[in-house]
Amino acid sequence: MSENESPSPSAVQASREVRAVISRLRRRILKASEVEDLTLSQSSVLARLSDQGGVTASELAATEGVRHQSMTATVTALASMGLVARHPDPDDGRRLLITLTAEGVRRVEEGRQVRTEWLAARLQARCTEEERQAVIASMAVLQRLTRD
């Protein structure tokens with residue numbers, strides 16, 4: 001598609017529907033594994049640390065799109081719950097790296113397991129095998145859209 005060419009009506013409709021469904025599905029999945037003592041931002045930081053590990057509060061703030069002060073408060077709360085620890089950066093002792101504790105790793109893994117089980121149960125109960133296979137095929141198409 002050239003710069004001056006508009007997307008087809010089907011591309012616009014698909015875009016709207018995919019965004020709406022993903023947004024609702026994300027909220028439902030997160031609600032399924034809601035932990036009463038964690039906020040959404042705290043859960044997001046734990047998940048990010050699980051994927052990256054050993055990052056600074058500034059790096060977390062930039063990745064999460066929040067102010068450094070807000071991230072510091074989030075990290076302090078997680079540290080007080082024993083879910084993250086701060087360690088001096090071996091390359092620059094002035095910086096603190098934030099990592100998950102063993103309890104933090106356990107909580108992240110437990111949350112992922114609960115979310116996987118919730119969605120698998122819904123797919124099993126509400127979809128036919130053919131529909132589940134269509135979902136798998138659709139995910140391959142959406143995955144292709146995320147590659148640069």
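The first residue of the sequence shown is numbered 1, and numbering continues consecutively from there.
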Pairs of donor and acceptor atoms involving the side chains of residues 138-147, under 3.5 Å and at least two apart or interchain, shall be tabulated with distances.
residue : atom : partner : partner atom : Å
Ser138  : OG   : Ala134  : O            : 2.9
Thr146  : OG1  : Gln143  : O            : 2.6

Name each donor-acceptor pair under 3.5 Å that joins a side chain in residues 22-31 to protein atoms two or more places apart or in another chain, with its distance.
residue : atom : partner : partner atom : Å
Ser23   : OG   : Arg27   : NH1          : 2.8

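For residues 111-126, the pairs satisfying salt bridge (charged side-chain N to carboxylate O under 4.0 Å, His left out) are Asp51-Arg112, with sequence neighbours left out. For residues 61-88, the salt bridge (charged side-chain N to carboxylate O under 4.0 Å, His left out) pairs, not counting sequence neighbours, are Arg48-Glu64.
Here Thr76 contributes atom OG1 and Ile98 contributes atom CD1; the two are 8.5 Å apart, rounded to the nearest 0.5 Å.
No side-chain heavy atom of Val66 sits less than 4.5 Å from a side-chain heavy atom of Thr74.
For the residue pair Arg132 and Leu123, the shortest heavy atom distance occurs at NH1-O, 3.2 Å. In plain terms, the two heavy atoms of Pro90 and Leu97 that are nearest each other are CD-CD1, 4.0 Å. The shortest non-hydrogen separation linking Ser43 to Leu38 is OG-CB, 3.8 Å.
Residues satisfying the salt bridge (Lys or Arg N to Asp or Glu O under 4.0 Å) criterion with Glu103, sequence neighbours excluded, are Arg106. With sequence neighbours excluded, the residues that form a side-chain hydrogen bond (donor to acceptor under 3.5 Å, both in side chains) with Gln13 are Glu17.
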Note to self: If you apply the rule side-chain contact (heavy atoms from CB on, under 4.5 Å), what do you find for Leu78 with Leu49, and how did you get there?
What the structure shows: CA-CA 12 Å; Leu78 291 170; Leu49 287 171; 5.5 Å; no
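In the displayed structure, Glu130 atom CD is contacted under 6.0 Å by at most 12 heavy atoms of other residues, nucleotides or ligands.
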